[in-house]
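So the structure is just underneath, and the comments pick up after that.
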Amino acid sequence: MQRESLEKTFFSADGSPPVRWRIASSLVDYAEAVETMEHEAAAISAGEADELVWLVEHPPLYTAGTSADASDLVMPDRFPVFQTGRGGEYTYHGPGQRVVYVMLDLKRRKQDVRAFVAALESVVIGTLASMNVKGERREERVGVWVRRPERPALPDGSTAEDKIAAIGIRLRKWVSFHGLSLNVDPDLDHFGGIVPCGIRGYGVTSLVDLGLPVMMTDVDIKLRQAFEDIFGPTINDGAQDDSRSVV
């Protein structure tokens, strides 16, 4: 079954508490982020903590997923490279990109990995739609794409497309971590050090590149609304340290 046809809502079981919503107040070291996710996912799995969504920005870096091909790391000395347990290939993180780490207990929701990926794509697509940008799935390419008809057509005659959001997840005891990244206003030149997600022949774009002069705080509000449409209610996390949080 294609992801497009899967049921996109991923609500938790009745009586479940809302998902904690946390926004980092400054750039987060990648190793620190992984350590935090590991800790939170273990606590969620043990029933000692509620589910969590954590929004961060990282300093410039590349990450290699479990399917990464070394030949896709074009400039290995440009930025630090981190091996990571998430699915997927190489990706870039850096300032101006909203990284959304999603720690959800799928035992309370649906134990269906493909449907979970489709639900995360729907969060991005809903976020973009609220800003009048049409994001689309491609069954052979995980992530969210936008058409660029103003650009030359691809060699097969199809409309040029750019990737605006990447998705890479990991599950442990049916608790997710890692998540998605949405390009708001990163330095797109930094993607040139890798073949993003191992996909050649396509570009990378951002909201600002598409002509939307948005701030990260604006996008965070849209993301939260879109997330709640798919996954249910959220509540500001008790560890919230960011004045930009949505009340």
**OP:** Check whether any side-chain heavy atom of Arg78 sits under 4.5 Å from a side-chain heavy atom of Tyr62, and report yes or no.
**Re:** yes
- Task: Indicate yes or no: at least one non-hydrogen side-chain atom of Val19 is less than 4.5 angstrom from one of Phe227.
- Result: yes
*For the hydrophobic clusters of this structure (ILVMFWY residues joined by side-chain heavy atoms under 4.5 Å, transitively), does one cluster hold both Leu55 and Val99?*
no
Review point. Any donor and acceptor pair, going by atom type alone, linking the side chain of Thr91 with main-chain N or O of Thr63 inside 3.5 Å?
Key: no
Met131, CE atom: more than 12 neighbouring heavy atoms under 6.0 Å = yes
Requested in this report: With the side chain counted from C-beta on, respond yes when Val214 and Val184 share a heavy-atom pair under 4.5 Å apart, and no when they do not.
Outcome: yes
| query | Yes or no on side-chain contact (heavy atoms from CB on, under 4.5 Å) for Val113 and Leu106, after CA distance, side-chain angles and deciding distance? | reply | CA-CA 9 Å; Val113 177; Leu106 302 196; 5.6 Å; no
Joint cluster assignment, Leu171 & Leu52, ILVMFWY side-chain distance < 4.5 Å:
no
- Message: For residues Val123 and Ile23: do they belong to one hydrophobic cluster (side chain heavy atoms under 4.5 Å, members Ile, Leu, Val, Met, Phe, Trp, Tyr)?
- Response: yes
Interatomic distance, NZ@Lys163 vs CZ@Arg141, rounded to 0.5 Å, equals 9.0 Å
Q.
Assess the residue pair Ile194 and Leu73 against the criterion (side-chain contact (heavy atoms from CB on, under 4.5 Å)); give the C-alpha distance rounded to whole Å, side-chain angles, the decisive distance to 0.1 Å, and a yes or no.
A. CA-CA 5 Å; Ile194 57 172; Leu73 183 58; 3.8 Å; yes
Smallest heavy-atom separation, Phe10 atom then Asp112 atom, equals CZ-O, 3.9 Å
In this structure, NE2 of His93 is separated from CG of Leu27 (nearest 0.5 Å) by 13.0 Å
Correct closest heavy-atom pair for Tyr90 and Ala70 would be OH-CA, 3.9 Å
The reported gap from CZ in Arg20 to CD1 in Ile235 (rounded to nearest 0.5 angstrom) is 10.5 Å
Flag, side chain of Lys222 to backbone of Ala129, donor-acceptor distance under 3.5 Å: no
Output for pair (Arg147 CZ, Lys134 NZ), nearest 0.5 Å, gives 6.0 Å
CG of Asp237 to CG of Asp50, rounded to nearest 0.5 Å, is 9.5 Å
Exercise for the section: Determine the interplanar angle of the Tyr202 and Trp145 rings, folded into 0 to 90°, and report it as parallel if under 30°, tilted if 30 to 60°, perpendicular if over 60°. Expected result: perpendicular
So for atom CD, which belongs to Gln111, do other residues, nucleotides or ligands contribute more than 12 heavy atoms lying within a distance under 6.0 Å?
yes
Salt-bridged, Glu139 to Arg137, with N to O below 4.0 Å? no
Between Gln97 and Glu57, the two heavy atoms sitting closest are O-CG, 3.5 Å
Same apolar cluster: Ile167 and Trp54, side chain cutoff 4.5 Å | no
On a heavy-atom basis, the closest approach of Val175 and Lys107 is CG2-NZ, 4.3 Å
Would you please test Arg22 and Glu40 for side-chain contact (heavy atoms from CB on, under 4.5 Å) and show each step? CA-CA 12 Å; Arg22 181 187 302 173; Glu40 292 283 357; 3.1 Å; yes
Are Val117 and Val124 linked, directly or through other ILVMFWY residues, by side chains that come within less than 4.5 angstrom of each other? yes
Closest non-hydrogen contact found for Val81 with Pro76 is CG2-O, 4.0 Å
For Pro60 and Pro80, the nearest pair of non-hydrogen atoms, with its separation, is O-CD, 3.7 Å
Under a 4.0 Å threshold between the charged nitrogen and the carboxylate oxygen, would Glu140 count as salt-bridged to Arg138? no
> Taking it one step at a time, do Val53 and Phe231 satisfy side-chain contact (heavy atoms from CB on, under 4.5 Å)?
Replying inline: CA-CA 11 Å; Val53 172; Phe231 289 98; over 6 Å; no
task = Taking Glu51 for its side chain and Asp105 for its backbone only, find out whether a donor-acceptor pair lies under 3.5 Å.
result = yes
Item to complete: Output yes when a side-chain donor or acceptor of Ser45 lies under 3.5 Å from a complementary backbone atom of Ala41, and no otherwise.
Response: no
Any donor-acceptor pair under 3.5 Å from Arg109 side chain to Ala13 backbone: no
Per side-chain hydrogen bond (donor to acceptor under 3.5 Å, both in side chains), Arg224 is matched among Thr234, Thr127, Asp229 by Thr234
*asked:* Taking atom CG as the centre, does Asp156 end up with more than 12 heavy-atom neighbours from other residues, nucleotides or ligands that are less than 6.0 angstrom away?
replied: yes
Exactly one candidate in Asn183, Asp162, Val146 meets side-chain contact (heavy atoms from CB on, under 4.5 Å) with Leu210; the answer is Val146
In this structure, CD1 of Ile230 is separated from CD of Gln225 (nearest 0.5 Å) by 13.0 Å
*asked:* Any heavy-atom pair between the side chains of Glu32 and Val56 that's under 4.5 Å?
replied: no
**Prompt:** In terms of ring plane angle, is the pair Tyr30 and Phe82 parallel, tilted or perpendicular, where the classes change at 30° and 60°?
**Reply:** tilted
Treating Ser176 as the side-chain partner and Val102 as the backbone partner, does any N or O pair qualify as donor plus acceptor under 3.5 Å? yes
- Query: Would you say the side-chain atoms of His58 pair up with the backbone N or O of Gly94, donor to acceptor, closer than 3.5 Å?
  - Reply: no
